[in-house]
Amino acid sequence: MKKFLFVLSTLVCALGAMMAETPVYLDDSKPVEERVEDALSRMTTAEKIAVIHAQSKFSSPGVPRLGIPEVWCTDGPHGIRPDVLWDKWKQAGATNDSCVAFPALTCLAATWNPDMALLYGQSIGEEARYRNKNVLLGPGVNIYRTPLNGRNFEYMGEDPFLTSVMVAPYVRGVQKNGVAACVKHYALNNQEVYRDHVNVLVDDRTLHEIYLPGFKSAVTEGGAWAIMPAYNKYNGDHACENAPLLLDILKGDWAFDGVAISDWGAAHNTEKVATNGLDMEFGTWTNGLNWGASNAYDNYYLAKPYEKLINEGKLPMKDLDDKARRVLRLIFRTEMNRNRPYGSLNSDEHYAAARRIGGEGIVLLKNDKNLLPVAPGVRKILVVGENAIKMLTVGGGSSSLKVQRETLPLDGLRAKAADKGVEIVYERGYVGDINGEYTGVTTGQDLKDSRSADQLIADAVKAAKEADMVIFIGGLNKSKHQDAEGSDRTDFALPYGQDKVIEALVHANPNTAVVTLTGNAYAMPWLDKVPAVVQGWYIGSEAGNAIADVIFGDVNPSGKLPMTFAKKLTDYAPHARGDSLVYPGVNGDVRYNEGLDVGYRYTDKARKGGNVNFAFGHGLSYTTFRLGAPVASAKEYDGEGTFTITVPVTNTGDRAGAEVVQAYVRDLKSSVYRPLKELKAFRKVHLAPGETKDVILQLDKRAFAFYDPATKLWTVEPGKFEILIGTSSANLPAKLPLHLTRPLTWPDSAH
């Protein structure tokens with residue numbers, strides 16, 4: 001018995017010793033910061049170096065000796081990119097990496113609904129989690145400065161407040177799944193031409209008021225775990241090597257505790273990326289390992305060259321520790337979080353979310369004669385246009401997707417029409433880009449057409465005369481020099497002669513509706529002749545169904561433009577004077593001379609009888625709304641707490657719908673230049689026919705502030721302001737006076 005007790009005691013002691021030696025970083029019950037410090041203390045210099053740079057196209061190594069796993073990233077903001085080979089962009093040939101394509105972020109922004117952003121983030125985060133990706137490289141929040149930017153379709157429009165409100169719930173939704181949102185491209189990546197080396201020169205006030213708020217909101221309101229510094233330079237230094245952006249603002253003022261992950265190939269100098277705030281390096285020298293060093297990953301700037309400088313004492317260990325600490329924190333929040341959900345892929349719920357977001361983001365721009373929705377007496381509809389039959393989920397750059405399915409507009413319309421006893425016929429009208437391949441993902445479509453341009457139009461016109469109505473479905477696509485990463489548009493007009501097609505169709509049949517699928521504004525020389533115009537964006541897997549829902553009236557459109565649709569390119573501030581230094585740049589520099597006058601801040605000020613086709617915030621409905629007199633909580637405001645405006649909204653039509661009430665602030669007298677008006681509050685309200693609801697808009701001191709670069713403080717000057725209430729930047733019939741009673745200042749770090 002004594003021998004048994006001795007053995008048992010020995011086993012218990014041994015077990016206790018083993019438990020005592022169990023690393024804290026493996027214990028989920030311990031706080032993350034304690035686990036991070038424990039793991040960091042066990043790592044060698046070489047292991048710290050290993051975790052801060054890539055080992056393949058989309059992954060970085062963990063620490064096998066300590067059981068710390070790899071980090072796997074994935075594009076992109078609209079769907080989970082298919083797997084590529086270890087060292088190449090070519091497809092890996094997997095059969096389980098198809099996804100749901102969600103609407104492009106311009107479409108999400110057009111919903112003006114933070115609930116849709118949360119649904120979007122939650123849904124795409126579930127797909128990333130199911131594919132066991134730790135970092136989703138998105139969302140994008142760069143401001144729409146010029147309509148020529150090929151990557152605008154990946155962003156959330158021209159207004160920093162709208163972007164800020166929409167990005168935070170997206171980030172939270174993604175990260176509920178134990179997947180990090182990596183917000184991009186930080187900062188000032190507002191053009192694709194010269195993007196890898198263009199040096200952006202912008203004043204501090206414009207930087208803080210226009211180009212940084214979306215990123216700040218993602219960090220301070222959304223709690224983003226990762227951020228992606230951009231390709232371009234800011235004031236002489238690349239964004240990945242830029243101490244003011246990464247150290248002073250991001251990690252200083254905003255207290256960002258996540259990981260700054262380079263855009264692929266955006267690092268350029270070991271000492272700068274080591275000391276100026278970059279945490280992880282991806283994409284350098286990885287062109288299939290057929291150029292650069294043969295051991296490419298070990299020769300990254302944050303790899304052996306950095307380790308050598310550390311070991312020689314030429315660079316401090318504290319910076320390396322900070323980078324490794326941040327990567328460990330990311331791993332514990334994602335892959336080593338055993339409480340994260342399992343996710344799901346290609347689920348019915350995700351398709352439903354994509355369709356709902358798409359339907360809510362579609363914008364009804366014009367609807368004379370109530371041409372839409374399709375009237376009960378319509379029996380034959382002609383659909384014309386390449387975008388009615390072209391898959392638009394493939395191409396465009398890193399957001400190109402391999403989808404499980406994509407319902408094309410023509411197919412969606414035909415399915416809906418069949419249920420309603422309507423015949424749909426189709427004519428091509430024009431031939432654009434028939435290519436259907438990107439990095440090995442192919443659409444499988446044969447879009448060849450041997451007819452001449454004149455014959456295509458003649459055939460469409462003949463069919464138009466025989467139809468009750470015509471729906472033209474065109475716009476841009478994901479080809480180079482359209483809506484695509486790596487290049488900007490070269491023209492504000494629609495490509496492939498579409499204007500001529502539209503003119504011919506409406507002449508043949510006045511009941512013509514134009515539906516455009518784009519991520520950018522464009523010229524509309526035919527606008528006065530066409531009774532109905534719908535802005536459809538890139539809607540993804542459920543494009544055809546979402547468009548059909550709106551065209552036939554099963555969904556009442558409620559989208560609002562997140563950017564201004566001006567008449568001409570020169571109606572946008574960066575193009576107003578044709579100055580190449582302002583766009584696209586001269587000798588490597590681009591100067592943002594327009595300052596704060598981006599989007600409606602310029603076009604609404606400059607309007608002299610109409611330089612805008614459709615204003616920022618514009619969008620119609622199949623019902624009508626009446627905004628009652630707004631009531632303010634006070635006539636004076638001292639900057640404490642919130643200032644509240646109540647706006648009664650009534651649905652005066654005969655069908656359910658939604659309206660977006662928008663509030664803009666105007667400073668009537670200021671010591672500095674202030675824009676004519678700036679969006680500072682909005683709310684979407686859903687109403688049954690005849691129903692009235694009070695919409696509550698809340699503003700705080702930030703709504704009245706400007707950034708003072710001399711003091712580096714946000715500043716409110718006392719005096720008279722106006723709150724303008726309405727439904728677009730050009731439709732603000734109600735005005736409320738407000739007196740700010742005292743001066744206020746606070747640093748950017750006060751969030």
Side-chain angles (χ1 to χ4, degrees), residues 103 107-108 110-113 115-116 119 352-379 381 409 412-422 424 468-471 473 511-515 530-537 539 542-561 614 617-628 647-662 682-695 725-728 731 733:
C107 183
L108 173 62
T111 69
W112 287 59
N113 188 346
D115 291 341
M116 291 298 98
L119 174 65
R355 185 170 181 170
R356 181 181 175 191
I357 295 164
E360 193 162 329
I362 291 172
V363 184
L364 180 62
L365 296 176
K366 181 180 180 180
N367 196 26
D368 291 355
K369 303 188 297 184
N370 292 321
L371 184 63
L372 297 175
V374 174
V378 171
R379 287 291 171 262
I381 298 174
L413 289 168
R414 277 181 168 158
K416 186 78 70 173
D419 293 338
K420 300 178 181 295
V422 177
I424 298 279
D468 295 322
M469 70 178 294
V470 177
I471 301 174
I473 303 180
N511 294 324
T512 294
V514 172
V515 179
V530 173
V533 183
V534 176
Q535 177 59 29
W537 319 109
I539 301 175
E542 288 291 321
N545 291 326
I547 291 168
D549 287 342
V550 169
I551 293 297
F552 281 94
D554 293 344
V555 167
N556 191 349
S558 62
K560 300 284 185 175
L561 288 179
F614 299 106
H618 170 79
L620 303 177
S621 171
Y622 293 150
T623 189
T624 53
F625 300 95
R626 182 179 67 247
L627 273 59
V647 185
V649 182
T650 302
N651 182 344
T652 55
D654 58 2
R655 66 169 69 204
E659 180 60 282
V660 178
V661 183
Q662 303 166 34
F682 65 86
R683 187 171 297 276
K684 194 166 202 172
V685 58
H686 296 264
L687 297 167
E691 183 180 13
T692 299
K693 287 183 181 178
D694 284 343
V695 173
I725 311 293
T727 57
S728 80
N731 181 31

Minimum heavy-atom separation for [X] and [Y], please, with both atom names.
{"X": "V363", "Y": "G619", "result": "CG1-CA, 3.8 Å"}
{"X": "K560", "Y": "W112", "result": "O-NE1, 3.1 Å"}
{"X": "S558", "Y": "V660", "result": "O-CG2, 4.5 Å"}
{"X": "A546", "Y": "R355", "result": "CB-O, 4.0 Å"}
{"X": "G653", "Y": "P689", "result": "O-CB, 3.6 Å"}
{"X": "P103", "Y": "G358", "result": "CG-N, 3.7 Å"}

Is the side chain of [X] donor-acceptor paired with the backbone N or O of [Y] at a distance under 3.5 Å, no angle test?
{"X": "T650", "Y": "T652", "result": "no"}
{"X": "D549", "Y": "G359", "result": "no"}
{"X": "W537", "Y": "G361", "result": "yes"}
{"X": "Y622", "Y": "V550", "result": "yes"}
{"X": "D468", "Y": "I381", "result": "no"}
{"X": "S621", "Y": "T624", "result": "no"}
{"X": "N651", "Y": "L687", "result": "yes"}

Give the C-alpha distance, both sets of side-chain angles, the deciding distance and a yes or no for side chain to side chain contact (heavy atoms under 4.5 Å, CB included) between I471 and V515.
CA-CA 7 Å; I471 301 174; V515 179; 3.9 Å; yes

Inspect the contact between R356 and D115 and indicate whether a charged nitrogen and a carboxylate oxygen are less than 4.0 angstrom apart.
no

Should the pair K684-E360 be classified as a salt bridge under the 4.0 Å nitrogen-to-oxygen rule?
yes

Check the pair L627 / T727 against side chain to side chain contact (heavy atoms under 4.5 Å, CB included), numbers first and verdict last.
CA-CA 9 Å; L627 273 59; T727 57; 4.1 Å; yes

Go through the steps to decide whether K420 and D554 satisfy the test salt bridge (charged side-chain N to carboxylate O under 4.0 Å, His left out), and finish with yes or no.
CA-CA 11 Å; K420 300 178 181 295; D554 293 344; 3.6 Å; yes

Take L365 and H618, measure what side chain to side chain contact (heavy atoms under 4.5 Å, CB included) needs, and give me the verdict at the end.
CA-CA 7 Å; L365 296 176; H618 170 79; 4.0 Å; yes

Just wondering, do [Y] and [X] contact through their side chains at under 4.5 Å, heavy atoms?
{"X": "N556", "Y": "T623", "answer": "yes"}
{"X": "I725", "Y": "V661", "answer": "yes"}
{"X": "V649", "Y": "R626", "answer": "no"}
{"X": "F552", "Y": "L413", "answer": "yes"}
{"X": "N511", "Y": "K369", "answer": "yes"}
{"X": "V534", "Y": "L372", "answer": "yes"}

What pairs with K366 under salt bridge (Lys or Arg N to Asp or Glu O under 4.0 Å), at least two apart in sequence or on another chain?
D368

Quick check for you: to the nearest 0.5 Å, what is the distance between [X] atom [atom1] and [Y] atom [atom2]?
{"X": "L108", "Y": "N113", "atom1": "CG", "atom2": "CG", "answer": "9.0 Å"}
{"X": "M116", "Y": "C107", "atom1": "CE", "atom2": "SG", "answer": "11.0 Å"}
{"X": "I357", "Y": "I362", "atom1": "CD1", "atom2": "CD1", "answer": "12.5 Å"}

How about R655: does its CZ atom have over 12 heavy atoms from other parts shown lying under 6.0 Å from it?
yes

Could you tell me which residues satisfy side chain to side chain donor-acceptor pair (under 3.5 Å) with Q662, sequence neighbours excluded, listed by chain and number?
Y664

K693 vs V647, test: side chain to side chain contact (heavy atoms under 4.5 Å, CB included). Steps then yes/no.
CA-CA 8 Å; K693 287 183 181 178; V647 185; over 6 Å; no

